[in-house]
Protein chains: 2
Amino acid sequence: MAELNERSQNILEAIVKDYIASAEPVGSRAITRRHDFNLSPASVRNVMADLEEMGLLCSPHTSAGRIPTEKGFQYYIDTLLQVRDLSDKEKKQLRNSYRFSGMKMEDIMQEVGRILSGLSKYAGLVMVPKFASTVFRQIEFVRLSHGRLLVIYVSETGLVQNKVISADVDIDQRQLEKISNYLNRELGGLTIHQVREKLKKEMQEEMSLYDQLRKKALSLSFAALQDEVEDQLFVAGTSLMLEQPEFSSPEQMRRLIQTFESKKILIDLLDRSQSAQGVQIFIGSDVDLKGCSLISANFSNRKGAIGALGVVGPMRMDYSQVVPIVDFTAQLVSRVLDREAE
Amino acid sequence: MAELNERSQNILEAIVKDYIASAEPVGSRAITRRHDFNLSPASVRNVMADLEEMGLLCSPHTSAGRIPTEKGFQYYIDTLLQVRDLSDKEKKQLRNSYRFSGMKMEDIMQEVGRILSGLSKYAGLVMVPKFASTVFRQIEFVRLSHGRLLVIYVSETGLVQNKVISADVDIDQRQLEKISNYLNRELGGLTIHQVREKLKKEMQEEMSLYDQLRKKALSLSFAALQDEVEDQLFVAGTSLMLEQPEFSSPEQMRRLIQTFESKKILIDLLDRSQSAQGVQIFIGSDVDLKGCSLISANFSNRKGAIGALGVVGPMRMDYSQVVPIVDFTAQLVSRVLDREAE
DNA sequence: TATTAGCACTCGAGCTGGTTGAGTGCTAAC
DNA sequence: GTTAGCACTCAACCAGCTCGAGTGCTAATA
């Protein structure tokens with residue numbers, strides 16, 4: 001990206017801000033009226049023409065004003081955006097709206113999504129900690145029918161996963177208890193990732209094992225924990241997005257709803273943000289979110305179990321407002337998870 | 001409802017069917033053209049005027065055709081609708097699309113919703129068995145932190161619920177195991193409803209109990225099972241609904257999405273249908289579904305754990321097509337649940 | 001040389017008026 | 001009781017019009 005001189009930057013910033021506020025194309029006169037650049041509309045037009053040349057602006061048709069392109073927004077976010085900090089009062093308010101004592105993980109996540117959506121007026125997303133990175137706490141087996149077992153797995157953070165597996169031989173409940181006791185002793189404190197490694201190694205070593213119990217335990221737990229569980233995504237406030245003028249036409253609405261329905265695109269993005277530090281902003285169609293942006297941040301506790309949360313809004317959303325909300329919420333959630341696991 | 005003579009019935013039926021097919025107001029000429037009543041348009045008009053008088057039809061404006069009112073649809077469904085049975089071939093196809101072996105409850109429900117939606121081209125709903133009516137199989141406690149316990153409850157059908165409770169005293173994991181063993185022995189085979197009764201009675205009788213273990217077990221399980229868990233609802237295919245012409249305008253879309261988002265209305269209706277026998281049809285705004293209908297049926301296994309599933313579509317949906325699909329799917333799901341619990 | 005005033009031009013939005021066609025209600029004849 | 005005929009209504013569509021906001025270019029200006 002070629003460098004912009006100060007004047008161009010100012011004008012670009014003005015256009016982006018006005019467009020964020022109004023959702024309408026911004027014209028040269030409107031800018032000189034609303035901002036104090038000591039420039040005539042004609043000069044502004046010249047600058048605008050340059051910015052259009054560079055791909056930062058575009059006009060929907062000849063006699064309309066300009067709107068920022070994705071690239072324009074990207075530039076704005078990268079170099080012009082100033083994120084304001086939350087005031088202590090706002091922080092306090094935010095902290096107060098989060099009351100999670102006695103709630104189970106799923107409910108907490110759902111509630112966080114709702115609050116994010118309520119604060120931002122856009123859609124709130126929360127992705128629960130990825131299975132493989134959670135820390136093993138406890139495993140239980142329940143015999144459902146002949147050869148069919150329900151496995152219940154609990155992580156350090158109190159996240160519960162369950163799964164049905166089939167065993168080739170029938171095992172009664174007493175034996176299952178012994179097996180789970182054994183596994184709980186052996187595997188506590190490891191991440192699922194580590195657990196898998198350990199199981200694989202042991203199974204190779206002890207193919208011809210005498211200890212029947214241990215053998216069964218190994219094969220059962222291997223079956224239970226081997227494959228990846230889909231990430232769980234909570235979405236709240238989709239209908240708020242529909243209020244935004246850019247989604248007022250039926251086709252755009254449909255598109256948006258489909259995006260939220262499939263969840264895949266959103267999960268992929270949150271996954272990406274999970275491994276990064278701090279707040280991340282994803283813009284527009286290069287991430288399959290035509291017309292939208294995602295502001296996200298990961299959360300984690302001391303033990304490292306991680307997830308991600310964020311807000312999806314129109315590309316034209318008020319970043320300076322939403323970024324600190326997402327940031328602070330992620331910190332709050334991290335703290336809550338820490339407390340849960342203490 | 002006053003009785004209609006045969007001619008009026010025929011014409012009403014023709015109008016409803018044509019409207020279902022086209023989503024457009026139906027005029028008198030169109031009817032004489034498409035159906036063979038040996039009547040002139042003028043005669044049909046007279047009948048239509050009568051039907052409008054009775055509140056079964058209405059016209060959006062003076063020179064448009066007529067469309068059925070909610071009352072009209074209701075009449076059609078109650079007395080004119082002939083539900084065709086599925087052919088053996090279709091049944092077989094349906095059976096083949098359901099492959100649930102080795103899936104856990106939640107995933108099965110989600111999949112059923114998707115298939116319902118795919119078959120009907122409308123939105124598919126599945127509500128998992130109501131908590132209070134499930135049959136107790138097993139309970140486990142996991143100590144999360146000082147005084148905070150995670151309770152995991154498994155029903156006969158393999159449905160897993162979990163909840164965080166706080167105990168006034170700290171209890172170690174060994175003791176928790178004993179407690180859960182005790183409870184599993186005592187409560188197996190009862191419905192949650194029955195369990196609650198039993199616990200209440202025992203707690204009253206044994207306020208001054210010497211057996212500390214039993215006392216703790218009672219109070220813990222009481223805390224764990226006392227309050228009602230929200231019903232869980234799976235929705236699939238909302239975006240298919242948006243394809244329907246009646247939801248093409250932005251406001252109607254927004255409304256529809258909000259209905260699906262809040263879930264409450266849908267849960268209430270499925271709840272109602274849960275206690276009824278066979279297929280139920282809910283129509284329009286007297287059940288807070290403006291412009292929509294819900295076709296639902298409950299499913300159950302021999303042990304009585306029940307839930308409900310259904311399809312939400314525009315009021316103008318093809319009932320003769322969708323009713324048998326919902327019906328047969330409910331039967332299939334019931335059979336699957338039976339097999340799970342065997 | 002950078003800035004600006006002036007001007008012709010473009011184009012969407014919104015209004016008007018006219019036409020068309022599907023549909024109605026009423027009445028009088030069959 | 002049925003129907004043909006007729007006047008009437010109304011949404012949808014189209015064409016033509018004005019308006020206003022905005023543009024790009026050019027020539028004058030500081």
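From a predicted model like this one, the values you see are computed outputs, not experimental measurements. We name chains A, B, ... by the order of the sequence lines, and we start the count at 1 in each one.
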If you apply the rule side-chain contact (heavy atoms from CB on, under 4.5 Å), what do you find for A:Tyr76 with A:Tyr19, and how did you get there? CA-CA 12 Å; A:Tyr76 170 74; A:Tyr19 180 65; over 6 Å; no
Output yes when a side-chain donor or acceptor of [X] lies under 3.5 Å from a complementary backbone atom of [Y], and no otherwise.
X	Y	result
A:Glu90	A:Ser87	yes
A:Asn298	A:Ala276	yes
B:Arg316	B:Ile20	yes
B:Ser248	B:Gln244	no
A:Lys263	A:Phe260	no

Relative to the 5' end of DNA chain D, which residue comes earlier, B:Arg7 or A:Arg45, by the nucleotide with the nearest heavy atom?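 First, find each residue's nearest nucleotide; the 5'-ward one identifies B:Arg7.
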Applying salt bridge (charged side-chain N to carboxylate O under 4.0 Å, His left out), which residue pairs with at least one partner in residues 10-26 of chain B are found, sequence neighbours left out?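 Pairs touching residues 10-26 of chain B that pass the test: B:Glu13-B:Lys17, B:Asp18-B:Arg34.
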Using a cut-off of strictly less than 4.0 Å between a heavy atom of the residue and any atom of DNA chain D, enumerate the qualifying residues of residues 59-68 of chain B by number.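 Residues of residues 59-68 of chain B under 4.0 Å from DNA chain D: B:His61, B:Thr62, B:Ser63.
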Of all of residues 22-37 of chain B, which get a heavy atom below 4.0 angstrom from DNA chain D, listed by number?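 By residue number: none to list.
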Given side chains that start at C-beta, do those of A:Met127 and A:Asp271 come closer than 4.5 Å, heavy atoms only?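 Sidechains of A:Asp271 and A:Met127: in contact.
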Heavy-atom check, side chain of A:Phe247 versus side chain of A:Cys292, under 4.5 Å: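 Yes - at least one pair of side-chain heavy atoms lies under 4.5 Å apart.
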Could you go through nucleotides 27-30 of chain C and list every protein N or O atom that sits under 3.5 Å from one of its N or O atoms, giving the distance for each pair?
none

Quick test of your reading of the model: are B:Arg272 and B:Asp268 salt-bridged, counting only N-O distances below 4.0 Å?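 Salt bridge absent between B:Arg272 and B:Asp268.
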Can you give the first and last nucleotides of DNA chain D, 5' to 3', that have an atom under 4.0 Å from a heavy atom of chain B?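 The contact span of chain B on DNA chain D goes from D:dT2 to D:dA11.
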Only pairs under 3.5 Å count here: list side-chain donor-acceptor contacts from residues 49-59 of chain A, not counting sequence neighbours, and write none if there are none.
from	atom 1	to	atom 2	distance (Å)
A:Glu52	OE1	A:Arg66	NE	2.6
A:Glu52	OE1	A:Arg66	NH2	2.8

B:Tyr75 and B:Gln9 side chains, donor-acceptor separation under 3.5 Å: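 Yes, a side-chain donor-acceptor pair sits under 3.5 Å.
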